[in-house]
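Worksheet for the structure shown next.
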Amino acid sequence: MIPEINNTFCYYPFYQLALKKWDSKNGIRNAAPCCNAIRPDTPDPLQIDDKFDAAISNNRLILPTEIFYGDEMTELRESMLQGKKHPACSTCWKMEDKGNTNSYRFYSKPVYNKIDENIQSNPVMRSIDLIMGENCNLRCRMCSPGLSNSLRKDYKIFAETKNTDANIIPDFEWHNINPDRDKQWRAEDSHNKSYAWVDNDHPQWQAILDDIHNIRHIKATGGETTITKSWLEFLDYAIETGAAENIVLEFHTNATKFTDTLVDKFKHFERIHINLSIDSIGKNYEYLRYPMKWPQLCKSLQNLFVKSAEQHIKNLTTSMNPTISALNIHYLKEISDWWINNICKSNGHNFFPGIVYPDNRGISIKYLPIAMKQRLLTNIIKLQDSTIEDIDLLAIISELSNCVNYQPTKDEKIKFFKEIRAFDTVRKQKYYDYCHAEISAYLDSIAAEYNLAATSPMLLGKSS
C-alpha cells in the first residue's frame, strides 16, 4: 500500500516517531508519527498526556520505544490500514479537504536504504524527528517567539508598550503577548530547559543514543539547528560511534551558518538532506528574515556547496521550503527562478513552499483583496504548469483557490496592517522599501481608509 488520495495510508506511523516537546524535569511531553501532527491547535495528537502524567506520578519515564510500540500508535496504524481518518492526522485531512492532493503523507516514504520488509505488518522504529530547542540567530516575521528566542526581542517591546500604546500590538491571540509570558520565556532561555533535552544523561535521550545503531534516519528542527549545541554534540556522537555511516541526516535550517567545521561532518553520514528555509530574495528576504543580509546568506550557501565539493560529499541534497505569506507571494517566480539557477543545479532536490501558520495571521494571503488574489492565482497556476518538475506549488494554489473570493473585513484589514506596522516600528523599517508595489499600495489604502498611522509614536527612537 502507498499513500493515495482515495485511501488514508501514511508511512510515518510505521517507522517514525516525532518528539517535539521536552520538559527539563519530566522529559517527553508529546509525541506523534510526524512533526506536522503537532500544532498549536493539536498539541497532543495521540492523546497521551495523561499517560505521561501517570508514569511520572509512579516515578518513571516513558521511553521512546514504549510510545512507538504502544497502544496509541498501534491504533493509529490499524485505522490507516482500515481506511479510517484518525484524528491524530487532522493536519493532512484538513489540507486534503481543501483540495490539496499533496499533503504531507504523500512524502512519507522512508528515505533510508535497506527499508524493512513487511513494515506495514511489522512496524520498526527507524526514524526520530526531534526539535532541538529555541536558540536562533534570526527574528523572522512568520515565526513564533516559542520557536526563536531572538524573536522575543520584538515581543518584549510589544509587551512593554501594550498598556501605553495598544496600536503597536499585533493581533496574535495565540501568542498571548504579556510581560509575564516574556518573563517565562526568558527564564526558560536562561536554563535552556524548554522544548529539548537538558543534558545527555537524561534517560529518554540516553535511550535514543543507546539505540542509535538501529536508527536509519534522524530529522531535526529548531530554533536554528546549526547553532544548537545538543544537535552538534549528537552529530559528533553518531560519527564517533560509527553509526553515522548508516544514518540519513535530515534537518531544517535558515542556511546562514554553513561553516567549514559543520560541512566537514556531513561526509560521515550515509546521506544528508537539508531543508532550506529561505523565503525570498534580495531586500524582500531581508525584510522577512531580519536581521540577516542577503549577501551573507548567499555566502553561507556558497560555502556549503564549495566545501561539499572539496570534501567529495556526493550524498548531499537540498530542498527549498519558503513560507508564503502576503509579504512574499508576489515574488514566487523570482524565488523559484533563483532556486533553479543557483541551488537546483548544485544538488537540488525540490522547491516546496508552504503557507504561513496559522491562517488567521495578519499577514495571511487570505486577507488580500479579491482582485489581487485572482491575479496571483492565475499567475501561479501558469508558473506551476510551465516550470520544471521539481517545483511544487500545489499547496499555494490550493490555499489561494479556497480563499480567492473571500472579502476581508475591516477588522481583518486593520489586523493585516497592524502586524506589519508593529515590526516595522520596532525595526525602523518601512514596508514600501521591501515589499512588492501592490502590497505597499494596499497597505497605504488601508491606512488612508481607516486613518492609521504608518508607525507608532511610542516606539519612535527606541532601539531594536
Side-chain angles (χ1 to χ4, degrees), residues 20 35 129-155 189 195-196 218-232 234-235 249-263 265-266 272-308 316-325 327-328 331 335-336 338-339 342-343 346-357 363 423 427 429 434 464:
K20 291 296 177 176
C35 64
D129 187 350
L130 299 163
I131 190 165
M132 306 306 298
E134 305 156 319
N135 191 27
C136 190
N137 59 321
L138 302 186
R139 295 155 60 183
C140 304
R141 286 184 180 241
M142 77 299 295
C143 194
S144 158
L147 296 175
S148 168
N149 53 8
S150 292
L151 186 61
R152 292 173 198 164
K153 295 177 182 178
D154 300 270
Y155 284 79
D189 268 356
Y195 296 96
I218 292 287
K219 291 183 179 180
T221 55
E224 172 50 35
T225 49
T226 61
I227 64 172
T228 303
K229 181 181 179 182
S230 51
W231 173 236
L232 299 175
F234 170 77
L235 299 187
L249 183 66
E250 180 178 356
F251 62 98
H252 289 259
T253 174
N254 59 35
T256 63
K257 295 290 185 178
F258 286 124
T259 64
D260 293 356
T261 301
L262 177 62
V263 176
K265 298 180 191 295
F266 296 163
I272 303 290
H273 181 73
I274 307 175
N275 295 298
L276 304 170
S277 297
I278 303 171
D279 303 289
S280 194
I281 60 174
K283 295 290 288 184
N284 190 241
Y285 166 86
E286 294 177 357
Y287 191 61
L288 296 170
R289 297 224 162 227
Y290 183 87
M292 184 53 55
K293 300 299 182 183
W294 176 248
Q296 190 175 344
L297 168 75
C298 293
K299 182 178 180 181
S300 174
L301 284 168
Q302 181 183 27
N303 199 56
L304 168 66
F305 295 120
V306 169
K307 296 302 178 183
S308 295
L316 171 69
T317 58
T318 59
S319 174
M320 187 165 164
N321 306 124
T323 298
I324 301 302
S325 69
L327 298 177
N328 63 346
Y331 294 106
I335 301 168
S336 61
W338 176 82
W339 177 82
N342 295 277
I343 304 298
S346 306
N347 287 324
H349 182 70
N350 60 36
F351 182 92
F352 187 47
I355 295 292
V356 66
Y357 185 86
I363 56 174
F423 286 99
R427 299 170 180 186
Q429 294 176 320
Y434 300 90
S464 63

*Is the count of non-hydrogen atoms from other residues, nucleotides or ligands lying under 6.0 Å from K265 atom NZ greater than 12?*
yes
Could you tell me whether the side chains of [X] and [Y] share a donor-acceptor contact shorter than 3.5 Å?
X    : Y    : value
T221 : H252 : no
S277 : N321 : no
E250 : N275 : yes

Partners passing side chain to side chain donor-acceptor pair (under 3.5 Å) against [X] (at least two apart in sequence or in another chain):
X    : value
N137 : N254, T256
T225 : none
S280 : N284
D279 : R289

*Would you sort out whether F351 and I343 count as a side chain to side chain contact (heavy atoms under 4.5 Å, CB included), showing the intermediate values?*
CA-CA 10 Å; F351 182 92; I343 304 298; over 6 Å; no
*Taking the six-membered ring for Trp, are F423 and Y155 parallel (under 30°), tilted (30 to 60°) or perpendicular (over 60°)?*
perpendicular
_Test of understanding: with salt bridge (Lys or Arg N to Asp or Glu O under 4.0 Å), list the residues that count as partners of K307, not counting sequence neighbours._
D260, E310
_Going by ring pair (Phe, Tyr, Trp, His ring centres under 6.0 Å), name the residues that satisfy it together with Y285, two or more places apart in sequence or in a different chain._
W294
*For Y434, what residues pass the side chain to side chain contact (heavy atoms under 4.5 Å, CB included) criterion, not counting sequence neighbours?*
K283, Y287, Q429
